[in-house]
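Starting from 1, each residue takes its place in the sequence as its number. Fair warning: this is a prediction, and the values are worked out from it, not measured in the lab.
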Amino acid sequence: MARVVVDVMLKPEILDPQGQAVQRALPRLGFEGIADVRQGKRFELEVEGPVDEAALARIHEMAETFLANTVIEDFTVKVESEVESAETAGAPS
């Protein structure tokens with residue numbers, strides 16, 4: 001199994017009120033020097049089988065049609081890591 005991450009962010013030209021609220025709150029909490037905050041979404045997908053070009057194409061299609069609103073959001077797809085199965089995790093070598 002492998003973990004594939006889909007990060008979804010508002011396009012730069014789209015107003016991000018949640019990010020702005022966080023940015024305004026940071027100085028009150030003692031965190032200075034942050035010029036901008038953008039909030040997004042992260043989806044971690046555990047994929048059965050190999051993550052080949054066909055699997056990545058399916059995930060890209062899923063992100064484009066379901067996970068992101070491509071009118072106002074951009075997304076990236078990346079393979080993060082191989083995930084150990086529960087049977088092999090902690091098993092002696």
Side-chain angles (χ1 to χ4, degrees):
M1 288 178 120
R3 178 173 293 130
V4 177
V5 174
V6 180
D7 287 311
V8 181
M9 294 292 295
L10 286 170
K11 292 182 177 183
E13 63 271 14
I14 302 298
L15 181 66
D16 184 356
Q18 290 175 314
Q20 289 175 342
V22 170
Q23 181 185 3
R24 286 190 304 270
L26 290 174
R28 292 192 307 266
L29 298 170
F31 299 102
E32 300 292 334
I34 305 300
D36 192 24
V37 176
R38 304 285 291 175
Q39 182 175 320
K41 300 179 279 191
R42 175 181 168 107
F43 298 92
E44 294 182 359
L45 310 171
E46 289 189 17
V47 179
E48 295 177 349
V51 180
D52 54 14
E53 287 187 35
L56 285 174
R58 278 194 339 267
I59 292 168
H60 189 275
E61 181 183 4
M62 177 194 324
E64 192 169 41
T65 59
F66 182 66
L67 301 178
N69 176 350
T70 56
V71 173
I72 62 170
E73 295 173 319
D74 292 325
F75 66 90
T76 60
V77 176
K78 65 181 176 182
V79 179
E80 188 173 79
S81 65
E82 293 294 321
V83 178
E84 284 188 53
S85 70
E87 295 172 0
T88 61
S93 301

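Note that the NZ atom of Lys78 and the CG atom of Asp7 stand 5.5 Å from one another [nearest 0.5 Å]. Note that CZ of Phe66 and CD of Glu61 are 13.0 Å apart. Values are rounded to the nearest 0.5 Å. Between Met9 atom CE and Lys41 atom NZ the span is 11.0 Å, to the nearest 0.5 Å. Between atom CD1 of residue Ile59 and atom CD of residue Glu64 there is a gap of 14.0 Å, rounded to the nearest 0.5 Å.
Counting all heavy atoms, side chain and backbone alike, Arg3 lies closest to Glu46 at NH2-OE2, 3.4 Å. When every heavy atom of Pro50 is checked against every heavy atom of Ala55, the shortest pair comes out as O-CB, 3.8 Å. Residues Gln23 and Ile34 come closest through the heavy atom pair NE2-O, 3.8 Å.
Applying the 6.0 Å contact sphere to CD of Glu44 captures more than 12 heavy atoms from other residues, nucleotides or ligands. When the shell of 6.0 Å around CZ of Arg58 is examined, it contains 12 or fewer heavy atoms from other residues, nucleotides or ligands. Residue Glu32 qualifies as enclosed at atom CD: its count of foreign heavy atoms under 6.0 Å is above 12. Remark: Gln20 CD is packed, more than 12 non-hydrogen atoms of other residues, nucleotides or ligands lying under 6.0 Å away.
Residues Leu67 and Val79 share a single hydrophobic cluster, defined by chaining ILVMFWY side chains whose heavy atoms lie under 4.5 Å apart. Residues Val71 and Leu10 share a single hydrophobic cluster, defined by chaining ILVMFWY side chains whose heavy atoms lie under 4.5 Å apart. Hydrophobic clustering, with ILVMFWY side chains joined whenever heavy atoms are under 4.5 angstrom apart, groups Val51 together with Leu45. Note on Phe31 and Val22: same hydrophobic cluster, where clusters join Ile, Leu, Val, Met, Phe, Trp and Tyr whose side-chain heavy atoms are under 4.5 Å apart, directly or indirectly.
No donor-acceptor distance shorter than 3.5 angstrom exists from the side chain of Gln39 to the backbone of Asp16, with no hydrogens or angles considered. Of the possible donor and acceptor atoms, one in the side chain of Lys11 sits under 3.5 Å from a partner among the backbone N and O of Thr70.
In this structure the side chain of Val6 never reaches within 4.5 angstrom of the side chain of Met62, judged on heavy atoms. By the 4.5 Å heavy-atom criterion applied to side chains, Val8 and Phe43 are counted as neighbours. Using a 4.5 Å cut-off on side-chain heavy atoms (C-beta onward), Val77 and Leu56 make contact.
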Decide salt bridge (Lys or Arg N to Asp or Glu O under 4.0 Å) for Glu80 and Arg42; before the verdict, give the C-alpha distance in whole Å, the side-chain angles of both, and the deciding distance to 0.1 Å.
CA-CA 12 Å; Glu80 188 173 79; Arg42 175 181 168 107; 2.6 Å; yes
